[in-house]
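Here's the structure we're looking at; comments come further down.
Model, not experiment: these values are computed from the prediction.
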Amino acid sequence: MTNARRGALAWAIPAALVVVVSIGISMRQGGAASDPVPKRFSGSTVILKMPSLLNTAKLPSRVSVAIVRDEAAAKFYNSPAILDSIVASWKDALAAVGADARIVSSSAIGATREARVLVVPSSPCLTVATREAIDLAGARGQGLIVTGAAGVNDAGCRQIGYGLVVALTGASRVEHLDDRPMVYVTIPYGGPLSADIPPGSRIDLNPASQMALRLADRDGIYSDYSLEPAAVSGQKLLDGAIAHSTYRSARAVYWGFGVREAVARPWNRAIVALLVRNSVAWTARLPISSLEPWPNNHRSATAFVQDVEDQFTNARYAADSLNAIGVPGTFFVISDLARRNTRLTRRLSIAGEVGSHTENHNLLGGVRRERQFQRLAVTQHDLTDILGAKISGLRPPEEQFDSATMAGWLAAGGSYIVGANDSRCASPELIPVGRDTLTLLPRTGDDDFGVLAPGQAQDTKSTAALLQSEFGWIHALGGLYALSYHSQLMSRPEHLPALAQLARAIASDTTVWVTTADGIATWWRSRSEVQTSTRMASPNRLEITVRNRGTSLVHGGVVRVNLPAPGFASTTSGGRLLPSEAGTARVMIPLLPPRSTTSVTVGLSPVSSRERRP
């Protein structure tokens, strides 16, 4: 291509954008009036069919795994083919994460002696040979993965109770899950089985004969659609779905459900694959590392997100209140109203961040693609004109968006959306859109219309308590709490004290990262470019390699490593050690320049000769 043609093209592209914006502005009134109202739907219906970009679910090295097909268990099912399908699903899942998996019958259980991990999938009836293999796993140096109603019957399929599951997990009670139209399992962040799994990730399961545990330290819980715990028949803490433990010196992982029960969607497949990898790695005593979700040793993140629409000028009350507390706010403004309130809009920007709530609050999702692109270009143009810089965030009205909305916002220069994600996790997601990616920040918990709905106690104390309860659970999951509220409701003077009370409580918790929605989206995108790997240089020395593949500086990242043996990290070079439980090392990497690699060495101190329960 000649220099003249390059110059012409360089001029033509921005000129074309100017034309698009100009046409959009000229159609602002007429176009808005003539736009057909699309059918209403939630953006969740779009997202649930889409994948999220996650780290690869591959083991750091090959692991030999034996999957036991117990002859007694085959008799439990209506057809032996059912057990064959269960066993085959595990073989496929293990092969996908890089394990060397083979199926072994219980009559040939001696062939499992050399395997590093023994898997006993959904086997209610167990032969004596399989039970002996489970008992000997620790002595053989094997790990154990056991699922479902394992061993509740003897070899003759006579009921003998939950003794094996109790012994494997340390649960104080075990029950079959009660009948549910859909079964949900939510995974909190923090345990050895959660590496690379977004905090609060939900797996959707088809109902089957699943088992629930009463256990304080659960690696996964049975929940409702909204990620809240859903115990068996309302019995307190009887909601454990996944657990890790030590059984007779063997590392053991128990799932109350099976691999093949996951609903066939991209998200479910990806999360189950990571869970399989983590279960194998932990039981096989492979050191596995990952970057923690939030920077600077924070447990969770919070953003205060206001839709500035009706009663636009009320936004200043929340902005001033949050500013006085020292908390930044994110304000998604209707840009047609912002053009009439430019001084306040700039003031909101100083108080945190301004994003778009479209130009006129008409629905986006379901509108023809060209019209959405036009409208999004217009709102970006108007807010850029007011603020002097492009904005990053969009909050679609009524959380109604589709693939055209996401592509249109990226084309307009935006980078993230706050909206519904089917409640499939409590953390940001990177959604592939064509050859680009868009960051989706989910709204978690009720917005102020739900909290202040008719019939709800609306006094300051009750409202703040309800909001703090919702925040508390998202914090426990290690996720993002994005409070969504409105200029015409919680930003009104009479409701503002509840918002202020919540903000003060969260700001006082040093384990919470309180920032703007853009700050969270930027971090999540930068974090996705960081890769970690780990190897044991010696029995008492761990080497961590951290690579930043991106073009942004990453500050305050924390690498978490599941150790192959019980012990504590005692010394380090190249990073700062953070407090951690036995069997885990946590190291903060102060700075990761773009396109750089750094190495950290961690010295380890043993706890004892016998591994204690994590």
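A side chain to side chain contact (heavy atoms under 4.5 Å, CB included) with Phe304 is found for exactly one of Thr515, Leu502, Thr330, namely Leu502.
Using a 4.0 Å cut-off between charged side-chain N and carboxylate O, Arg443 and Glu470 make no salt bridge. No salt bridge links Arg299 with Asp509; every basic N to acidic carboxylate O contact stays at or beyond 4.0 Å. Taking a cutoff of 4.0 Å between a charged side-chain nitrogen and a carboxylate oxygen, Glu429 and Arg424 qualify as a salt bridge. Electrostatic pairing of Arg202 and Asp204 counts as a salt bridge here, judged by a charged N lying under 4.0 Å from a carboxylate O. No salt bridge links Glu529 with Arg527; every basic N to acidic carboxylate O contact stays at or beyond 4.0 Å.
Arg269 is linked by a side chain to side chain donor-acceptor pair (under 3.5 Å) to nothing, counting only residues two or more places apart in sequence or in another chain. Taking the side-chain contact (heavy atoms from CB on, under 4.5 Å) definition, one finds that Thr545 meets it with Ser533, Thr597, Ser599, sequence neighbours left out. Here Asp196 pairs with Arg277 under the salt bridge (Lys or Arg N to Asp or Glu O under 4.0 Å) rule; sequence neighbours left out.
Between Ile145 and Val120 there is no side-chain heavy-atom pair separated by less than 4.5 Å.
Side-chain polar atoms of Asn297 and Arg586 form a donor-acceptor pair below 3.5 angstrom. Checked by atom type, the side-chain pair His475/Thr511 shows a donor-acceptor distance below 3.5 Å.
Crowding of Arg113 atom CZ: a count of heavy atoms from other residues, nucleotides or ligands under 6.0 Å not exceeding 12.
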